[in-house]
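The structure under discussion appears below in the form of structure tokens.
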There are 2 protein chains.
Amino acid sequence: MAFMIAQRAFLKLYLLKLVEEHRGYGYQMLEELKTEFAPQGYVPPQSEIYRALHELVQEGILYRTKKLKGGDPGVDFQEIVLYHFTDNGMEKAQLYRKQVKTDLDRCLGILNKASRDHFS
Amino acid sequence: MAFMIAQRAFLKLYLLKLVEEHRGYGYQMLEELKTEFAPQGYVPPQSEIYRALHELVQEGILYRTKKLKGGDPGVDFQEIVLYHFTDNGMEKAQLYRKQVKTDLDRCLGILNKASRDHFS
DNA sequence: GCATGAACAGATTGTTCATTA
DNA sequence: TAATGAACAATCTGTTCATGC
């Protein structure tokens, strides 16, 4: 097992949550997460967001649709990729969340111990 | 900056502490840390221990001496490598600890937030 | 600048292998 | 088995580049 939780897994949790709340395309979620994590001094990199989304699709949790941003033609023709849960995507996601929670708790245990041991 | 704290940096903290307490060779420290982290389900890999020690030497914080284990000849001729702080090693270590603390706190902030956001 | 994606390079790490006593 | 070290392979990640609107 890896020492620490992977950034990819960490981001997947947040992306699943954002898709669940119907805020659903890559660039927007990236910007949202950037804002959300600014206080923690963490800037999620663009490449990881897209890689995480692609993996969630490959894993059969999400699927993609394409849409023209704005909807009204003549206004904005930018094409965006929206994400939605597949039929059994929610169950799969729940399973995945469970796995990540185990890993997250393990990491917190390790890091909290280090914090106590060296900087208490 | 990397997403999470590196295992190497994490281990260096513990190795510096063990050397400070005069428990000082690789294999022994490895076994000690294995025992210490058993409850957290973390098994520090042998290779990382040695790599971390080598780096601490390269960074001028520690230096090495060699010794025959047991001391008494005829009993055990296994050669072991002991580690000690250099002249200004303690100061350097203190500086390093400070840096790692910053990183550690950043990681804890991120992971605690995730824990709250998804599993509260 | 918004939006998506790929490519490339580097660092970290886990496993295995080698050596000696 | 204890002890140290190196080699190898895989993964992850950060940066940069490419494309289109």
Side-chain angles (χ1 to χ4, degrees), chain A residues 1-12 15 18 23-35 41-58 62 64-83 100 103 107 110, chain B residues 1-12 15 18 23-35 41-58 62 64-83 100 103 107 110:
Chain A
M1 194 192 325
F3 170 60
M4 277 286 115
I5 190 172
Q7 182 173 202
R8 193 97 32 103
F10 176 89
L11 286 175
K12 279 180 182 175
L15 293 171
L18 288 174
R23 268 168 290 163
Y25 68 97
Y27 192 88
Q28 195 185 23
M29 296 193 271
L30 171 63
E31 293 304 316
E32 236 170 293
L33 291 177
K34 273 185 186 172
T35 306
Y42 167 51
V43 183
Q46 174 250 45
S47 52
E48 278 301 312
I49 298 284
Y50 285 110
R51 280 193 278 242
L53 285 171
H54 297 164
E55 281 189 13
L56 288 170
V57 170
Q58 280 193 327
L62 301 181
R64 302 154 44 108
T65 59
K66 295 196 177 184
K67 202 187 155 189
L68 289 183
K69 192 181 175 185
D72 297 330
V75 179
D76 197 337
F77 288 107
Q78 181 96 46
E79 193 180 41
I80 58 177
V81 177
L82 294 172
Y83 291 88
V100 178
D103 201 29
C107 294
I110 292 174
Chain B
M1 196 192 323
F3 170 60
M4 279 284 116
I5 192 171
Q7 182 173 202
R8 193 102 25 109
F10 177 88
L11 285 175
K12 279 180 183 176
L15 293 171
L18 288 175
R23 269 168 290 160
Y25 69 97
Y27 193 87
Q28 196 185 24
M29 295 194 271
L30 171 63
E31 293 304 316
E32 236 171 294
L33 291 177
K34 273 185 185 172
T35 306
Y42 167 51
V43 183
Q46 175 249 44
S47 52
E48 278 301 310
I49 297 283
Y50 286 111
R51 280 193 278 242
L53 285 171
H54 297 164
E55 281 189 13
L56 288 169
V57 170
Q58 280 193 326
L62 301 181
R64 302 154 44 108
T65 61
K66 296 197 175 184
K67 201 187 156 189
L68 288 184
K69 191 181 174 184
D72 298 329
V75 179
D76 198 336
F77 288 106
Q78 182 95 46
E79 194 180 40
I80 57 177
V81 178
L82 295 172
Y83 291 88
V100 177
D103 202 29
C107 293
I110 293 174

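We name chains A, B, ... by the order of the sequence lines, and we start the count at 1 in each one.
- In terms of the salt bridge (charged side-chain N to carboxylate O under 4.0 Å, His left out) criterion, residue partners of Glu32(B) (sequence neighbours excluded) are, by chain and number, Arg23(B).
- Summarising the geometry, the separation between CD1 on Ile80(B) and P on dT19(C) is reported as 23 Å, rounded to the nearest angstrom.
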Worksheet, complete the sentence: Quick tally for nucleotides 7-18 of chain C: nucleotides whose base has a protein heavy atom under 4.0 Å get B, sugar-phosphate-only ones S, the rest -, giving B----SBBB---
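- Remark: P of dT4(D) and NE2 of His54(B) are 9 Å apart, rounded to the nearest angstrom.
- Between dC2(C) and Tyr27(A), a contact under 4.0 Å exists linking OP1 or OP2 to a side-chain N or O.
- The side chain to side chain contact (heavy atoms under 4.5 Å, CB included) test applied to Tyr27(A) returns Tyr25(A), Glu31(A), Tyr50(A), not counting sequence neighbours.
- Look at CZ on Arg64(A): it is 9 Å from C1' on dG5(C), rounded to the nearest Å.
- Taking Val43(B) as the reference, Lys34(B) meet the side chain to side chain contact (heavy atoms under 4.5 Å, CB included) condition, with sequence neighbours excluded.
- Looking at Leu56(A) and Lys12(A), their side chains come closer than 4.5 Å, going by heavy atoms from C-beta outward.
- Judged as a salt bridge (charged side-chain N to carboxylate O under 4.0 Å, His left out), and not counting sequence neighbours, Arg64(A) has no contacts.
- Over its length, the helix from dG1(C)-dC21(D) to dA21(C)-dT1(D) turns its helix axis by 30°, as judged from the five terminal pairs at each end, rounded to 10°.
- The distance from atom NZ of Lys12(A) to atom P of dT13(D) is 10 Å, rounded to the nearest whole Å.
- Atom-to-atom, NZ of Lys67(B) to P of dA2(D) comes out at 19 Å; the value is rounded to the nearest Å.
- Look at CD on Gln28(B): it is 12 Å from C1' on dA2(D), rounded to the nearest Å.
- Between Tyr83(B) atom OH and dA3(D) atom P the separation is 13 Å, expressed in whole Å.
- Between Tyr42(B) and Phe10(B), the ring planes lie perpendicular to each other; the angle is over 60°, past the 30° to 60° tilted range.
- Side-chain atoms of Gln28(A) and Leu18(A), non-hydrogen and from C-beta on, never get closer than 4.5 Å to each other.
- For Tyr25(A) and dC2(C), the OH to C1' distance is 8 Å, given to the nearest whole Å.
- Counting all heavy atoms, side chain and backbone alike, Gln7(B) lies closest to Pro45(B) at OE1-CD, 3.0 Å.
- The pair Glu79(A)-Lys67(A) fails the salt-bridge criterion, with no side-chain N (NZ, NE, NH1 or NH2) lying under 4.0 Å from an Asp/Glu carboxylate O.
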